[in-house]
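Bear in mind that the values here come from a model prediction, so they are computed numbers and not experimental data.
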Amino acid sequence: MEHSIIFPLPLSIHIGFVIVSVILLLLCYKKRKYTYELYMLVGIVSTLFIYVCKDKPYFYILGLEEIILLILTIVDMAKVSKALAEAEKAKENAAKEAAEQAEEAPDDDKSE
């Protein structure tokens with residue numbers, strides 16, 4: 001196995017990790033439809049471009065792309081997390097209201 005000075009994994013192992021990651025992220029995206037999973041997918045697949053071109057500007061472009069995708073992923077994950085927390089809170093409030101109404105209903109029947 002040939003080790004790259006720039007990337008610490010041999011090409012065959014790197015390709016294996018990329019394939020496994022792509023399959024898992026596609027399955028996750030199919031199930032949940034979160035866009036940050038697509039950002040991560042593009043970022044992982046684009047790491048293979050290290051082996052395509054050895055010129056320095058391409059490494060800087062790839063690094064910039066990875067940073068942008070990381071930022072987009074973090075921002076989108078924060079939005080999804082906030083939306084899920086709000087949905088959970090609304091669900092809990094609805095359950096509390098339903099429980100309060102259920103407690104009040106038998107009292108109304110007894111007074112009649």
S.K.: Same hydrophobic cluster for Tyr51 and Ile61, using side-chain heavy-atom links shorter than 4.5 Å among ILVMFWY?
M.R.: no

S.K.: If we check side chain to side chain contact (heavy atoms under 4.5 Å, CB included) with Leu70, which of these qualifies: Ile67, Ile74, Leu72?
M.R.: Ile74

S.K.: Calculate, to the nearest 0.5 Å, the distance between atoms CG and CG belonging to Leu25 and Leu38 respectively.
M.R.: 8.5 Å

S.K.: Check for me, please, whether Val80 and Leu26 land in the same ILVMFWY cluster - side-chain distances under 4.5 Å, paths through other members count.
M.R.: yes

S.K.: For residues 30-42, which residue pairs pass the side-chain hydrogen bond (donor to acceptor under 3.5 Å, both in side chains) check, not counting sequence neighbours?
M.R.: Arg32-Glu37, Thr35-Asp76

S.K.: Indicate the atoms forming the closest heavy-atom contact of Val18 with Leu48, along with that distance.
M.R.: CG1-CD1, 3.9 Å

S.K.: Say you draw a straight line from CD1 of Ile19 to NE2 of His14; how long is it, rounded to the nearest 0.5 Å?
M.R.: 10.5 Å

S.K.: I would like to know whether Leu41 and Tyr29 meet side chain to side chain contact (heavy atoms under 4.5 Å, CB included); could you show each step before the answer?
M.R.: CA-CA 10 Å; Leu41 181 72; Tyr29 181 73; over 6 Å; no

S.K.: Which other residues end up in the same hydrophobic cluster as Tyr58, if Ile, Leu, Val, Met, Phe, Trp and Tyr are linked when side-chain heavy atoms come under 4.5 Å apart?
M.R.: none

S.K.: Report whether Tyr60 and Ile50 are members of the same hydrophobic cluster (ILVMFWY, side-chain heavy atoms less than 4.5 Å apart, transitive linking).
M.R.: no

S.K.: Look at the side-chain heavy atoms of Ile, Leu, Val, Met, Phe, Trp and Tyr, link any pair under 4.5 Å apart, and say whether Ile71 and Leu64 land in one connected group.
M.R.: no

S.K.: Ile68 and Val75: same hydrophobic cluster, using ILVMFWY side-chain contacts below 4.5 Å?
M.R.: no

S.K.: Quick one: side-chain hydrogen bond (donor to acceptor under 3.5 Å, both in side chains) partners of Ser46, sequence neighbours excluded?
M.R.: Glu65, Glu66

S.K.: Which heavy-atom pair separates Leu69 from Val42 by the least distance, and what is that distance?
M.R.: CD1-CG1, 3.8 Å

